[in-house]
Structure formats: structure tokens, C-alpha cells
Amino acid sequence: MEWVVLLVIGLAAGALGSLVGLGGGIIIVPSLIYFGSYTGIIPEASPQVIVGTSLVVMIFTGLSSTLSYMKHKTIDYKSGWIFFIGSGPGSLLGAWINKSLNLHSFSLYFGLFMVFVSVLLMVKKYFKPVKHNPNAGIQKTYTDPQGNIHTYGFSPFVGILISFAVGLLSGLFGIGGGSLMVPAMILIFLFPAHVAIATSMFMVFLSSITSSIAHISMGNIDWIFASALIPGAWVGAKLGVYLNTKFSSKTLVNLLRIILIIAGIRLILQGLAG
């Protein structure tokens, strides 16, 4: 029963994570907390082990998604590498801070973070986009399958600063960074949703490797959990990419918002209940 539950968690995490660019950790982390601490279906693990295990699984989710998105040519590799310059060091710092959190404060902070991001997505139409100087930053265009041309861009310095914060949260919460990076790319840099999601999964792959090395060195990996989660996550990521190509940008943003707020509220309640 334990292996079936873990396989299903991996499948769901891979599918939803690659569909909206979250990486899957936002599903794996609360699921392992819930099934381990509140149902006893799987062995209970510390937040540190849950985060470390989640990040190892996301290496495979990110790789599977990246290989699939490459075929659709929606990954912005240059932007992904620039963001990784900030997210790599940030993820190492987050992994170090993670060791001081207990289970209930972890659940509460993680939940508040997810609800905050979902609220940002709800009010994103009221935000004025950042003005970019074409001569002082990255400027790109993307033509979607419907023939619409999207222009987006950012200052590399600002991008690195934001991705550092994203990387810190990735290492801290085991979320892969996508749950903040995708909204940041959409809200601040005007990335089309499909490009933001595909680029996020490329970045998740890179940053998860960095974060995992830190957690492995600290012994924060349950390899039995990981071996059961990875097959489902790999297949689920392929499914998520397929579904992504069938949905409009507006639908993808709405799905992202709903997933974040439901999972966030659940974790907040668990954290407050103690």
C-alpha cells in the first residue's frame, strides 16, 4: 500500500508540476507530511528529509519535462541560465536554513507562502508591468500557436536577484522554485505562460541538482521514498507537458492559482492545529 501511495503522489506531482511549471514539490511535500504525520499510511519523516527527498525527485521531473518541452521549442534557455545564476546559491542557503524548522512551523509558513502567491496571480491584471530599456536587458518575442506575438524581457541584474530569492525558497521548502518563478516571470517580466512554464521546468532541473547535493551531504534523503516517487514523477511529467500544449495561457494561470490556494490553506490549517 505504501508504494502504491508514493507512486500515485509521484504521478500527480509530475503531471501537475510540469503542467503549470511548479516542479512537483508543491505536491510532494504536503502529501508526504499528510500521509506520514496524519494518516500513518507511510512512515513519518522530518521536514528536512521530506524536502531533501522532494528535491531529488524533482531532478527527474525537471529532466523529463525539459526533454518534452524541447520538442515544442518553448524553453528560453538564455533566461533559464541567467535565473540559475541566482537560484543556485539561493537554494544552497535555503537548504542550510531548512534544518532549523520544525514540522508545524514548516507547514504554516509553507501554506502562507502558497496563498500569497495565489493572491498575486488573482490581482495580476492590476499590476503595471516593469518598463524595460531595450538597450539594457534581455528582450525577446514569442509567437504562440495561434499566431499572437508576445514581447517580454528583463534586466539580468533584477532577474538574478529575484531568482536568488526563488532559489532560497526552493531549498527551504523543497518546492523547486517554480511556484514563485512562474508568477514572477508572468507578472514582472511579461513572459507568455507557456514559455514561463517551460523555462521554469528547465530551471527546476538545474536548481534541484544544486539543492539535492546540499541535502544529500546532510543525510536528508529517504531513498526508499525517492525510488517509489521517481517513476511516477517521470511519467507524470510527460503527461503534464502533453496537457500543457492543449490549454490556453489563461487556463494555465487559473489552474496554477487554484492549486496553490487549495494546498496552501490545507497546510495552514495543519500548522495551526499543531
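These numbers were taken from a predicted model, which means no experiment stands behind them.
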By ring pair (Phe, Tyr, Trp, His ring centres under 6.0 Å) - contacts of Phe116 (at least two apart):
none

Phe191: which residues meet the ring pair (Phe, Tyr, Trp, His ring centres under 6.0 Å) condition with it, sequence neighbours left out?
Tyr152

Tightest non-hydrogen contact, residues His194 and Thr74, listed as O-CB, 4.2 Å

Closest approach of Thr61 and Gly14, non-hydrogen atoms and distance?
CG2-CA, 4.0 Å

Please enumerate all residues that pass side chain to side chain donor-acceptor pair (under 3.5 Å) together with [X], with sequence neighbours excluded.
X      : answer
Thr210 : none
Ser79  : Asp76
Lys78  : none
Asn244 : Tyr69

Kindly indicate whether the side chain of [X], heavy atoms from C-beta on, has any atom under 4.5 Å from the side chain of [Y].
X      : Y      : result
Ser200 : Val204 : yes
Phe164 : Ser87  : no
Ile221 : His215 : yes
Met58  : Ser207 : no
Phe154 : Ile188 : no
Met203 : Met181 : yes
Leu6   : Leu32  : yes

What's in the same ILVMFWY side-chain cluster as Leu11, cut-off under 4.5 Å, chained through other members?
Val235

Return yes when atom OH of Tyr77 has more than 12 non-hydrogen atoms of other residues, nucleotides or ligands closer than 6.0 Å, and no otherwise.
yes

hydrophobic_cluster_shared for Met201 and Leu243, side chain cutoff 4.5 Å
yes

Can you sort out the partners of [X] under side-chain contact (heavy atoms from CB on, under 4.5 Å), two or more places apart, ordered by chain and number?
X      : value
Ala165 : none
Ile41  : Met1, Val5, Phe35, Thr39
Leu112 : Leu108, Ile268

Got a donor-acceptor contact below 3.5 angstrom from the Ser212 side chain to the Ile209 backbone?
no

Show which side-chain atoms of residues 226-234 pair as donor or acceptor with protein atoms under 3.5 Å away, not counting sequence neighbours.
residue, atom, partner, partner atom, Å
Ser227, OG, Trp223, O, 3.2
Ser227, OG, Ile224, O, 2.8

For this output row, return yes or no: ring centroids of Phe205 and Phe84 closer than 6.0 angstrom.
no

